[in-house]
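Worksheet for the structure shown next.
As the structure lists them, so they are numbered: ligands from 1, and atoms in each ligand from 1. All of these numbers come straight from a predicted model, not from anything done at the bench.
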Amino acid sequence: VEETYIMVKPDGVQRGLVGEIISRFEKKGFLLKGLKLFQCPKDLAEEHYKDLKGKSFFPKLIDYITSGPVVCMAWEGVGVVASARKLIGATNPLQAEPGTIRGDLAVQTGRNVVHGSDSPDNGKREIDLWFKEGEVVQWTQAQAPWLRE
Ligand code: GTP
Ligand code: MG
């Protein structure tokens, strides 16, 4: 099964956008299988964004992600990784299309309110990184037959 790690970043939590952001994935029809409010320690932020370690903005990015609680989510569904990236929109919110989360709710790359995994492999890697054993729940939506023929 394909799964993706979605995270409301500290600005999204502080701005009261948690419900709005969860709602977009929920209404789309994906399956929520993990959810928690969490204060991210520095070492976890660095591990999560390790591919960006050499970038000039890396220290600022780590400060941002650890600056307050985040909301961690695991979502499952056919094509969920690419679809979630489309729902989220471009990294720079000024370039993100209206109708996307960043396009509707943010103005700056350094405060772009939400994260989404960029590949199915990273989806699995990031869910393993952010959730402990037992925090991810396998279940069946009662509405499943109304979502997929
Ligand atoms: P994520 O879903 O958070 O991974 O964003 P992304 O995949 O759209 O972008 P990318 O993985 O390239 O960068 C990760 C995060 O680093 C971005 O979402 C931004 O929060 C931050 N970031 C990327 N580029 C810049 C930059 O040029 N300046 C600043 N301040 N932050 C940046
Ligand atoms: Mg990324």
- Can you get from V8 to V136 by hopping between Ile, Leu, Val, Met, Phe, Trp and Tyr side chains that sit under 4.5 Å apart?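 Shared cluster, no.
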- Item | Y64-ligand 1 polar pair, N/O distance under 3.5 Å | no
- Any nitrogen or oxygen of L61, main chain or side chain, under 3.5 Å from a nitrogen or oxygen of ligand 1?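 There is no such contact.
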Is the closest side-chain heavy-atom distance between [X] and [Y] below 4.5 Å?
X	Y	value
M7	E126	no
M73	F30	no
I6	R24	no
N122	Y5	no

- So, R111 side chain and A106 main chain: donor-acceptor pair closer than 3.5 Å or not? no
- Query: Is a side-chain donor or acceptor of E135 paired with a backbone partner of K132 at a separation under 3.5 angstrom?
  - Reply: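 Side chain of E135 to backbone of K132, a donor-acceptor pair under 3.5 Å: yes, one is there.
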Suppose we measure from [atom] to each protein heavy atom; which comes out shortest, and what is that distance?
atom	answer
atom 8 (O) of ligand 1	T91 OG1, 2.5 Å
atom 19 (C) of ligand 1	T109 O, 3.4 Å
atom 22 (N) of ligand 1	F57 CE1, 3.4 Å

- Message: Please classify the K55 to ligand 1 contact at 4.0 Å (heavy-atom distances, strictly less than): side chain, backbone, both or neither.
- Response: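 Neither; nothing of K55 gets under 4.0 Å from ligand 1.
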- Could you tell me whether R102 approaches ligand 1 through its side chain, its backbone, both or neither, with non-hydrogen atoms closer than 4.0 Å? side chain
- Run the contact test for K9 against ligand 1 with a 4.0 Å cut-off on heavy atoms, strictly below, and give the result.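 In this structure, K9 qualifies as a contact of ligand 1 - some heavy atom is under 4.0 Å.
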Mark up the atoms of ligand 1 that fall under 4.0 Å of a heavy atom belonging to [X], in ascending order.
X	answer
L52	13 (O), 14 (C)
G116	2 (O)
N112	17 (C), 18 (O), 19 (C), 20 (O)

- Neighbour count >12 (heavy atoms, 6.0 Å) for atom NZ, K60: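 Check fails, neighbour count at 12 or below.
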- Item | Closest to atom 7 (O) of ligand 1 among R85, H115, H48 (heavy-atom distance) |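 It is R85 whose heavy atom sits nearest to atom 7 (O) of ligand 1.
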